[in-house]
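The block underneath contains the structure these notes are about, expressed in C-alpha cells.
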There are 2 protein chains.
Amino acid sequence: MKQAKISEAVVRRLPIYLQVLNELHSREIQTVSSQELGVKLDLNPAQIRKDLAYFGEFGRKGIGYDVIYLIEKIRQILKVNQTIKVALVGAGNLGHALCNYNKYSKDNMKITAVFDIHPDKIGTNINNLVVQPMNELTEVVEEQNIRIGIITVPAYEAQNVANQFIAAGVEGILNFAPAILRVPEEVRIHNADFTRELLSLAYYLNHEDDGENEEGDRDESAMD
Amino acid sequence: MKQAKISEAVVRRLPIYLQVLNELHSREIQTVSSQELGVKLDLNPAQIRKDLAYFGEFGRKGIGYDVIYLIEKIRQILKVNQTIKVALVGAGNLGHALCNYNKYSKDNMKITAVFDIHPDKIGTNINNLVVQPMNELTEVVEEQNIRIGIITVPAYEAQNVANQFIAAGVEGILNFAPAILRVPEEVRIHNADFTRELLSLAYYLNHEDDGENEEGDRDESAMD
DNA sequence: TAGATTGTTAATCGATTAACAATC
DNA sequence: TAGATTGTTAATCGATTAACAATC
C-alpha cells in the first residue's frame, strides 16, 4: 500500500486544480464534480478522478467533491499547508514582480530573503525585505531554513547562483534565466524561462491556415 | 507526405534544443551529435533524433548536426526566422521585466506595444515604448499586425484583457496571470503562471527522506 | 427509489526507447 | 576501410480514456 509512483504530469495538474477550487471557493460554491472541473479545465473527468485517487478518496459517490475539503487535501499533498520559505537572487524587475505576487498569495510559500550581487541594489527595500549581498546567502539560507531558491539573474550568472543555492542546502530551484542548469540529482529544478513558452507559442501561429511550410524545404539533402 | 501531426511534447522541446545550440554556437562549436545533446539535456538521444526527424533530415550520418544549420532550421520550424510582433498588457514590474528581456533577445520576437489601464502608467516609457491606454489596443494590434498578446495584469483582469486581445485578432496569448482563461479554439494560449511552477516544485521537497506523508491521512473516509 | 457520481479496472492511445540498416 | 552517427522501424513503456460496480 506504499504510495504508487506519481507521474510528473499528475503533479503538474494539482496546482491547476487548486486554482479552480480556490476560485469556486471564493464564489461560495461548496461542491463540485469531476465533470464540472473537466469542463472548466478542458480535461477528461476520468483523468481528474484518477489524479485525485492517487492520493486518497476525497470525493463522495453520487455527490462530488467538497471544495474546501479538496483544497485542504491538495495543499497537504503539495506540502503548502505548512509555510515553505523561499529565497530569491536577482533584485531586478522580475525579482520585484515575484516578491509582490508573493505578498498577495494565499499559498504558504513565502519569499523571506532577497539577494543581489550589485552594490547599488544591496540595502534597498523590496516588499519589506532588505536586499542582501551574495556572501550572506549560505548563512541566511541555513539559519532561516529556506528550502527553495528562485533565480532571476541573467543567464550567464544563473549556474553560479544555482551552485551557491545548492551548497547552502536548498531542496528545489525555480530558474527564470534562459539557461540550462546542472544540478545534482537530489535537487529538484523547475524552469520558468518565459522565452521557451513564447517560442513554442510561435510554433502554433497560423499553423492551420497558411501553407508556407508545406513546400520547399523538405526534400533537399541536408547541409549542401 | 503531409507533415505528420507533431505532439505538443515535441514542440516544447524545440526551444530547449535551440537554447543549447545557441550556447554551443557562442562557444564556436560547429558540430554536435544527438548523443552529446542528450547528455547536456538529460534526454534520450533517440528522442532528439526523432524529434528533429519529424521536420526533415537535418543531420549527417556518421557526423552529427551542423550547429548553425540546425539553429536556422529550428528557427524556421518555430517561425522565429521572421519577426513576430508581440503586444503586452500590464506595465507593472513583470511587464517591465519582459520588455527588458526582449531587448537582449536574439529571437525575432519583439514586443512592439505596451498597454495599461492605469492613468498613472499611461504615457510613461518602458524600454523606448510609450505605454498606451487600453482603448487603443484594437487599433494598434491591427495596424501593426501584432500576432501575440502577453498578459501581465492581476488575475481578476486577465480574462477581460484576453477578450480584447482576441477581438483584436491575436493568434496566441501568453498569460502570466494566475487565472484559467477561456479562449476560442483557434487562439492558442500558453500559461506562464509561476505559482504553478512553484507549487509543483513544493511537491518534490523532501519527498524521499521524510515520511510525514506516509501515515494517517489515507484510510479515513472522506469528509466526515 | 432513481439519478448522479465516485473510485478503479481494463482498453486504448500515444510517447519514449531500443535496435539497426544506411552512410558519412 | 573502420568507427561513428543518423533516420526510422519495431518494441516497450506509460498516460489517458472508457466503462462500470459501488454507493451516496
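No experiment lies behind these values; they were computed from the predicted model shown.
- In this structure, B/I48 atom CD1 and D/dT8 atom C1' are separated by 16 Å, rounded to whole Å.
- Contact annotation: the side chain of A/K73 approaches that of A/Q76 to within less than 4.5 Å [non-hydrogen atoms, C-beta and beyond].
- Separating the CG atom of A/L70 from the C1' atom of C/dG7 is a distance of 14 Å, rounded to the nearest angstrom.
- Pairing each heavy atom of B/A202 with each of A/I84, the nearest pair is CB-CD1, 3.9 Å.
- To the nearest angstrom, P of D/dA19 lies 17 Å from CD of A/Q47.
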Check your understanding: For B/F165 and B/L137, what are the C-alpha separation, side-chain angles and deciding distance, and is it a side-chain contact (heavy atoms from CB on, under 4.5 Å)?
Key -> CA-CA 8 Å; B/F165 268 139; B/L137 187 143; 3.9 Å; yes

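- The two residues B/I77 and B/L14 make their nearest non-hydrogen contact at CG2-CD1, 3.8 Å.
- With D/dG7, C/dT17, C/dG7 as the choices, the nucleotide that has an atom nearest any side-chain atom of B/A53 turns out to be D/dG7.
- The phosphate of D/dA15 has neither OP1 nor OP2 within less than 4.0 Å of any side-chain N or O from A/R13.
- B/K50 places its NZ atom 14 Å from the P atom of C/dA18, with the value rounded to the nearest Å.
- Between A/I63 atom CD1 and D/dT23 atom P the separation is 14 Å, expressed in whole Å.
- For A/Y65, a side-chain nitrogen or oxygen approaches OP1 or OP2 of C/dG7 to under 4.0 Å.
- A cation-pi contact, defined as under 6.0 Å to the ring centre and within 45° of the axis, links B/K79 to A/Y203.
- Checked for salt-bridge contact, B/E142 and B/K85 miss the test: no charged N lies under 4.0 Å from a carboxylate O.
- Between the CD atom of B/E57 and the P atom of D/dT5 there is a distance of 18 Å, given to the nearest Å.
- A salt bridge links A/R12 and A/E8; the closest N-O separation between the charged side-chain nitrogens and carboxylate oxygens is under 4.0 Å.
- Listed by residue number, the members of residues 16-24 of chain B with any heavy atom below 4.0 angstrom from DNA chain D form an empty set.
- Taking 4.0 angstrom as the limit, B/R12 places none of its side-chain polar atoms (N or O) nearer than this to OP1 or OP2 of C/dA15.
- The local environment of NE2 in B/H25 is sparse, with at most 12 non-hydrogen atoms from other residues, nucleotides or ligands closer than 6.0 Å.
- Of the residues in residues 31-46 of chain A, those placing a heavy atom less than 4.0 Å from an atom of DNA chain C are A/S33, A/S34, in numerical order.
- When the side-chain nitrogen and oxygen atoms of B/R49 are compared with OP1 and OP2 of D/dT6, one or more of them lie within a distance under 4.0 Å.
- In this structure, NZ of A/K61 is placed 20 Å from P of C/dA2, rounded to the nearest angstrom.
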